[in-house]
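Since the structure is predicted, the reported quantities are computational estimates derived from the model, not experimental observations. Counting starts at 1 for both ligands and their atoms, in listed order. Along the sequence shown, residues carry numbers from 1.
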Amino acid sequence: MNTKGKVTGIIANLVVAEVDGPVSQNEICFVTQGETRLMAEVIKITGKRAFVQVFESTRGLKTGDPVEFEGHLLEVTLGPGILSSIYDGLQNNLKTMDGVFLKRGDYTAPLDESKEWNFTPLALVGDRVKAGSWLGEVVENSLPHKIMVPFKFKGDFTIKSIVPAGAYTINNVIAVVSDGNADHEITMVQKWPVKLPVTCYRNKPRPFRIMETGVRIFDTFNPMAEGGTGFIPGPFGSGKTVLQHALAKQADADIIIMAACGERANEVVEIFVEFPELNDPRTGRKLMERTIIVCNTSNMPVAAREASVYTAMTLGEYYRAMGLKVLLLADSTSRWAQALREMSNRLEELPGADAFPMDLSAIISNFYSRAGYVELDNGNSGSVTFIGTVSPAGGNLKEPVTESTKKVARCFYALAQSRADSKRYPAVDPVDSYSKYLEYPEIQDYLNQTVEENWPLRVAESKNIILKGREAAEQINILGDDGVPVEYHDRFWKSELIDFAILQQDAFDKIDASTPIERQKYMLGLALDICRRQPQFDNYEKCAAYYKNLINVLKQLNYSEFRSEKFREYETVIAQQQAQN
Ligand code: ADP
């Protein structure tokens, strides 16, 4: 018998219920108002009182209204048919709904229960299996979707029967397993709690290889690791969306999950419209075929907003358990933190900095730590790479969400307003941004072996050129063009050369949009080769002219097919220009 309760207090969508039995933290319940059942989650319990946050507006709810507890935590339903979906944080299928806005108390089925999938068994009768073991596979939008022993199954099991290859719906029994005492039926669907990480892997080593994105300021300058974490604070109009699209399209990932948490409604509508339009450079078809969108707008109740990032992460972990590479992009984690703040304030908890919950740091850190590269029990591997954006109010990077995120995320991609204003895209600041993965010995080994010997040293060298150029620019600004030695101009122009040839990249150019690592290696080599020379100039104007010419040709080079005839011509021009000095 599940616990029941009655509403005794209502503060916005926080409801206090007097309960008649045990309830657990984060348990799901339904508050019934007439014909409408409103989903809610327990967030605090004191004695016989449960504080539940309702995922809907509580308009018209009254004291005495009944509450029924479900006996489980907030869960997502997992099985074939998730890809291409647009869900809200409670996994309502928004595509089947009337626009973005749900009717109160309406919950939709997350998966199509009538569709038949071609199942191929991967295990045999008599095999020993446990939670996470792959029983079979269906093809979901051309990706293999493994049907696994549900993660709620504790201990070891033996397969007693498994269906032959054929078409089945998600609710058909595809295998029966026995734990020695009883038989258990397995279908293609399972449920996972969203707020607890499901640890269904053998090992979670530190990231050791990079995730190529084709974006030079990422791969060359501040590489993201497969299974790594990063964050992007960006003022409005700084190119966040273009960058996210580039990552989604180009990153070396099988599955893209986009969590749009609590942005303004029109921005979420943009995601609805823009994402399905994106083409997949890998397949030539639509990117949506291997994308899942989880979105909530800030006019949805605060609790539903909070759930969306967890739902998105859980979907990622599920696909990771199939041995796939998942890239999870969350925009923006600040709105998620604001949702936490609103709830915490309603609970009248003692506030931390800027009225965020005291444990904000721990919440953010726990969340980021769910990303990662994992070795599965069957020897395969999978990963969830997480990149969140933060939208600090007034661009203040010292506020608690940004600070807490900075402590846990290993990469930082600072989108700078000044760079966006001067149309230097992607506007990622090369000095403020960093990738801590560059310091990992395993990543250094990986780069030395897969890109080229001493690659990390070359990257450090080019960063130093940028830094020195910035210092020189400051001096020139203060003392005037004639007030500094010509070497200052030389330093400045060398950093401009790296900036234009490597850092700036036109997301809308067919060729420049994505640079394979082989080409990035070539470009950095070429740029460093130029920068290492010390041509002598009589005056700063000659210095500027020399580098401006080179920059122009290097830009053309970036727009040309790698090693094509045109490309070779530009290489020759570069060599000639250098020879003249
Ligand atoms: P945000 O999402 O931060 O508000 P957008 O991503 O929409 O900003 O970018 C604003 C504009 O900046 C784009 O419409 C585009 O014109 C320009 N832009 C941003 N990134 C690039 C890029 N890599 N290449 C070319 N143009 C860019």
Side-chain angles (χ1 to χ4, degrees), residues 212-222 224 230-251 256 258-279 281 287 291 293 295 297-298 327 329-336 387-397 401-402 405 412-430 432-433 496 498-516 519-520 523 551-552 554-560:
E212 262 190 63
T213 66
V215 179
R216 295 190 290 266
I217 199 158
F218 272 59
D219 301 355
T220 296
F221 254 61
N222 296 304
M224 171 50 74
F231 80 115
I232 311 179
F236 185 68
S238 57
K240 216 162 58 173
T241 314
V242 174
L243 188 58
Q244 275 181 342
H245 287 184
L247 294 175
K249 282 194 294 195
Q250 297 162 199
I256 308 298
M258 180 77 213
C261 174
E263 290 293 340
R264 282 177 294 272
N266 58 348
E267 284 174 90
V268 171
V269 173
E270 261 171 36
I271 289 180
F272 260 63
V273 178
E274 284 173 6
F275 241 85
E277 292 289 310
L278 296 182
N279 290 319
L287 186 65
T291 299
I293 296 177
C295 65
T297 61
S298 36
L327 172 63
L329 298 165
D331 188 13
S332 92
T333 56
S334 301
R335 307 290 159 103
W336 165 52
I387 302 179
T389 67
V390 293
S391 35
N396 167 23
L397 297 184
V401 181
T402 313
T405 309
F412 175 57
Y413 301 103
L415 284 175
Q417 189 68 56
S418 55
R419 281 182 76 79
D421 290 345
S422 54
K423 302 266 176 287
R424 291 178 183 234
Y425 293 116
V428 177
D429 187 289
D432 294 346
S433 307
E496 285 291 272
I498 301 273
D499 195 337
F500 277 93
I502 311 288
L503 305 182
Q504 294 176 44
Q505 195 170 357
D506 186 348
F508 302 107
D509 180 77
K510 197 164 88 274
I511 293 169
D512 197 27
S514 178
T515 312
R519 186 171 174 157
Q520 298 192 30
M523 283 307 291
I551 287 172
N552 274 334
L554 284 166
K555 273 166 70 182
Q556 296 305 323
L557 208 61
N558 274 336
Y559 285 119
S560 317

Worksheet entry | Results of side chain to side chain contact (heavy atoms under 4.5 Å, CB included) for F500 - residues two or more places apart only | R424, E496, Q504, I551, K555
Worksheet item: Taking only residues two or more places apart in sequence or in another chain, which ones pass ring-ring contact (aromatic ring centres under 6.0 Å, His included) with F231?
Response: F412
Worksheet item: Hey, mind stepping through Q520 and T515 against side chain to side chain donor-acceptor pair (under 3.5 Å) and telling me if it holds?
Response: CA-CA 6 Å; Q520 298 192 30; T515 312; 5.2 Å; no
Check ligand 1 for close polar pairs with the protein: N or O on both sides, less than 3.5 Å.
| unit_1 | atom_1 | unit_2 | atom_2 | d |
| --- | --- | --- | --- | --- |
| ligand 1 | 2 (O) | T241 | N | 3.0 |
| ligand 1 | 2 (O) | T241 | OG1 | 2.3 |
| ligand 1 | 3 (O) | G237 | N | 3.3 |
| ligand 1 | 3 (O) | S238 | N | 3.1 |
| ligand 1 | 3 (O) | G239 | N | 3.0 |
| ligand 1 | 3 (O) | K240 | N | 2.9 |
| ligand 1 | 4 (O) | G237 | N | 2.7 |
| ligand 1 | 6 (O) | K240 | N | 3.4 |
| ligand 1 | 6 (O) | T241 | N | 3.0 |
| ligand 1 | 6 (O) | V242 | N | 2.8 |
| ligand 1 | 8 (O) | G239 | N | 3.1 |
| ligand 1 | 12 (O) | Y425 | OH | 3.1 |
| ligand 1 | 23 (N) | Q505 | O | 3.2 |
| ligand 1 | 24 (N) | A507 | N | 3.1 |

Worksheet entry | Inter- and intrachain pairs under salt bridge (charged side-chain N to carboxylate O under 4.0 Å, His left out), touching residues 506-515, at least two apart | R216-D512
Worksheet item: Would you say the side-chain atoms of N558 pair up with the backbone N or O of A501, donor to acceptor, closer than 3.5 Å?
Response: yes
Item to complete: Please answer whether the main-chain N or O of P233 pairs with a side-chain N or O of T389 as donor and acceptor at a distance below 3.5 Å.
Response: no
